[in-house]
Amino acid sequence: MKTRRVFKFLTLCIMVLIFWFSHQDASSSTKQSGVVEKVVEVVLGEHKDKINVRKNAHFFIYLALGSSAFLSCSRRGKKEMLEVLGFVVLYAMSDEYHQSFIPGRGPSIYDVGIDGCGGALGILLVKTKLEIFKNRGEKKHESSNKSSYTSSGIRD
């Protein structure tokens with residue numbers, strides 16, 4: 001339960017960060033992207049032109065949002081996966097609407113799609129990781145139960 005609260009807080013922090021990024025006017029946003037592009041250039045060298053910093057930023061911040069929102073759920077089934085994805089897409093839509101009020105910025109349905117894909121991948125990665133850990137735990141538990149009994153049925 002305490003862990004879910006941490007992830008709820010993290011989800012809120014990511015949402016505030018997204019809002020803050022979206023609230024910057026076009027020149028501030030371009031400067032920020034320019035700094036990141038310089039880092040990408042240093043790291044990737046001649047391959048830097050293949051990376052779109054802004055679109056990757058959209059994808060990965062919404063991947064983080066989807067992951068943390070899904071981890072804050074008390075149950076983590078298919079229904080919750082769809083609910084969290086809906087939440088992520090609605091937040092992406094509200095983010096793009098918010099940008100329509102910022103000088104030099106505007107909404108993009110394309111960005112909503114990228115955001116939704118990032119959120120979906122975040123949810124799927126968390127679900128996959130949780131299933132792997134669940135299966136490992138069940139196998140470990142089964143093997144420990146089998147080895148703790150002798151052939152006569154008496155526990156070692």
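- Counting non-hydrogen atoms of neighbouring residues, nucleotides and ligands closer than 6.0 angstrom, the NE2 atom of His23 reaches no more than 12 such neighbours.
- The closest side-chain heavy-atom distance from Val88 to Asp115 is not below 4.5 Å.
- The heavy-atom pair separating Arg76 from Lys127 by the smallest distance is O-NZ, 2.6 Å.
- Heavy-atom minimum distance, Val84 versus Ala69: CG1-CB, 3.7 Å.
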Could you walk me through whether Met15 and Leu65 pass the side-chain contact (heavy atoms from CB on, under 4.5 Å) test, one step at a time? CA-CA 7 Å; Met15 292 171 70; Leu65 181 62; 3.7 Å; yes

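- Minimum heavy-atom separation, His58 to Glu96: CE1-OE2, 3.5 Å.
- Counting all heavy atoms, side chain and backbone alike, Ser68 lies closest to Thr11 at OG-OG1, 3.0 Å.
- Note: Leu130 CG to Leu71 CG = 6.0 Å, rounded to the nearest 0.5 Å.
- Here the side chains of Val112 and Val89 are in contact, with some heavy-atom distance below 4.5 Å.
- Ring orientation note: the planes of Tyr62 and Tyr91 are tilted relative to one another, at an angle of 30° to 60°.
- Nearest approach of Leu121 to Leu63, heavy atoms of both residues: CD2-CD1, 3.8 Å.
- Follow the hydrophobic side-chain contacts under 4.5 Å out from Leu90 and you reach Ile14 in the same cluster.
- Separating the CZ atom in Phe9 from the OG atom in Ser72 is a distance of 13.5 Å, to the nearest 0.5 Å.
- Remark: Lys55 NZ is packed, more than 12 non-hydrogen atoms of other residues, nucleotides or ligands lying under 6.0 Å away.
- The 12-atom threshold is not exceeded at CE of Met93, counting heavy atoms of other residues, nucleotides or ligands nearer than 6.0 Å.
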